[in-house]
Amino acid sequence: MNTKTPELLVRNALWVTAWRDLSPDTEPAEYRVTGESSETRNIWVSKKKRRMLDSLIDGPVHCASPCSLSHFVMGLRDEQGPNIKTIWFYNDPKAGRSRFGVYNLLDSVTRIGGQELAA
């Protein structure tokens with residue numbers, strides 16, 4: 001779970017220019033998701049959704065990308081249900097945009113049968 005201030009979210013967010021910038025693992029994997037209410041559930045994720053989830057576990061991710069990340073973030077939210085929030089910011093000189101977002105994983109997510117990825 002990433003509970004950093006907005007300024008740290010932007011500074012530490014992964015800037016994805018190509019899929020090679022994300023986690024390389026695509027095989028199906030099981031994860032334990034714990035929400036704010038401490039309710040726990042298990043989900044299975046694979047392919048690009050897994051790459052996106054693993055990267056979100058590592059830290060926040062900029063929304064603006066030539067890879068169309070939003071499709072996979074929305075799929076994760078809608079189909080597997082982890083709480084991923086888009087935090088909006090204004091006036092980013094690095095991107096040359098007046099408005100941009102950062103995806104932030106709010107639930108605690110741990111890969112089952114492997115190393116713990118985030119808490």
Side-chain angles (χ1 to χ4, degrees):
M1 179 175 358
N2 299 310
T3 56
K4 300 174 182 169
T5 64
E7 295 78 20
L8 282 176
L9 282 174
V10 173
R11 189 176 321 135
N12 296 328
L14 176 63
W15 189 269
V16 179
T17 59
W19 282 102
R20 69 178 171 268
D21 297 331
L22 298 173
S23 168
D25 297 321
T26 60
E27 294 297 315
E30 187 175 17
Y31 295 83
R32 178 169 292 117
V33 179
T34 306
E36 290 178 348
S37 66
S38 299
E39 179 182 321
T40 300
R41 65 191 182 287
N42 292 354
I43 61 172
W44 281 90
V45 181
S46 64
K47 300 180 182 178
K48 289 185 176 179
K49 287 183 194 173
R50 177 174 177 194
R51 295 178 77 182
M52 190 70 229
L53 182 59
D54 284 347
S55 295
L56 283 165
I57 288 169
D58 289 341
V61 177
H62 274 274
C63 298
S65 166
C67 304
S68 300
L69 301 176
S70 62
H71 173 76
F72 301 99
V73 171
M74 290 174 69
L76 280 168
R77 283 181 190 154
D78 296 345
E79 296 166 19
Q80 279 79 21
N83 188 2
I84 302 168
K85 182 176 182 181
T86 304
I87 301 171
W88 293 101
F89 298 91
Y90 297 91
N91 193 18
D92 179 25
K94 179 180 176 184
R97 296 176 183 236
S98 60
R99 180 175 182 244
F100 70 101
V102 172
Y103 296 123
N104 189 32
L105 181 62
L106 299 179
D107 289 341
S108 175
V109 180
T110 305
R111 191 173 64 210
I112 298 173
Q115 66 189 37
E116 184 171 319
L117 299 175

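Small disclaimer: the values here were computed from a predicted structure and weren't measured.
Relative orientation of the Phe72 and Trp19 rings is perpendicular, given thresholds of 30° and 60° on the angle between their planes.
For the pair Leu69/Val16, a side-chain contact is recorded, criterion being any heavy-atom separation below 4.5 Å from C-beta on. The shortest distance between side-chain heavy atoms of Phe89 and His62 does not fall below 4.5 Å. With a 4.5 Å cut-off on side-chain heavy atoms, Leu14 and Leu22 count as touching. Counting heavy atoms from C-beta on, the side chains of Ser23 and Asp58 never come closer than 4.5 Å.
Without hydrogens or angle criteria, Thr40 side chain to Thr34 main chain gives no donor-acceptor distance under 3.5 Å. In this structure a side-chain-to-backbone donor-acceptor pair under 3.5 Å is missing from Asn83 to Asp107. With hydrogens and angles disregarded, no donor-acceptor distance shorter than 3.5 Å links the side chain of Asp54 to the backbone of Arg51.
For the residue pair Asn104 and Pro60, the shortest heavy atom distance occurs at OD1-CB, 4.4 Å. Heavy-atom minimum distance, Gln80 versus Trp44: NE2-O, 3.5 Å. Shortest non-hydrogen contact noted between Ile112 and Tyr31 is CD1-C, 3.8 Å. The minimum heavy-atom distance linking Val102 with Ala13 is given by the pair CG1-CB, 4.0 Å. When all heavy atoms are compared, the tightest approach of Arg41 to Gly81 is NH2-O, 2.5 Å. Of all non-hydrogen atoms in Arg111 and Asp25, the two that sit nearest each other are NH1-OD2, 4.5 Å.
Atom CD1 of residue Ile84 and atom CG of residue Leu56 lie 5.0 Å apart, to the nearest 0.5 angstrom. The structure places CG of Leu105 at 11.0 Å from OG of Ser55, a figure rounded to the nearest 0.5 Å. Interatomic distance, CZ of Arg77 versus OG of Ser70, reported as 9.0 Å (0.5 Å rounding). One finds the CD1 atom of Ile57 at 9.0 Å from the OG atom of Ser108 (value rounded to the nearest 0.5 Å). Interatomic distance, CG of Leu53 versus OG of Ser46, reported as 11.0 Å (0.5 Å rounding).
Listed by first and then second residue, the salt bridge (charged side-chain N to carboxylate O under 4.0 Å, His left out) pairs that reach into residues 79-90 are Lys49-Glu79, sequence neighbours excluded.
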Verdict with supporting geometry, His71 and Met52, side-chain contact (heavy atoms from CB on, under 4.5 Å): CA-CA 10 Å; His71 173 76; Met52 190 70 229; over 6 Å; no

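Enclosure of atom CZ in Arg32 is not indicated, since only 12 or fewer non-hydrogen atoms of other residues, nucleotides or ligands lie within 6.0 angstrom.
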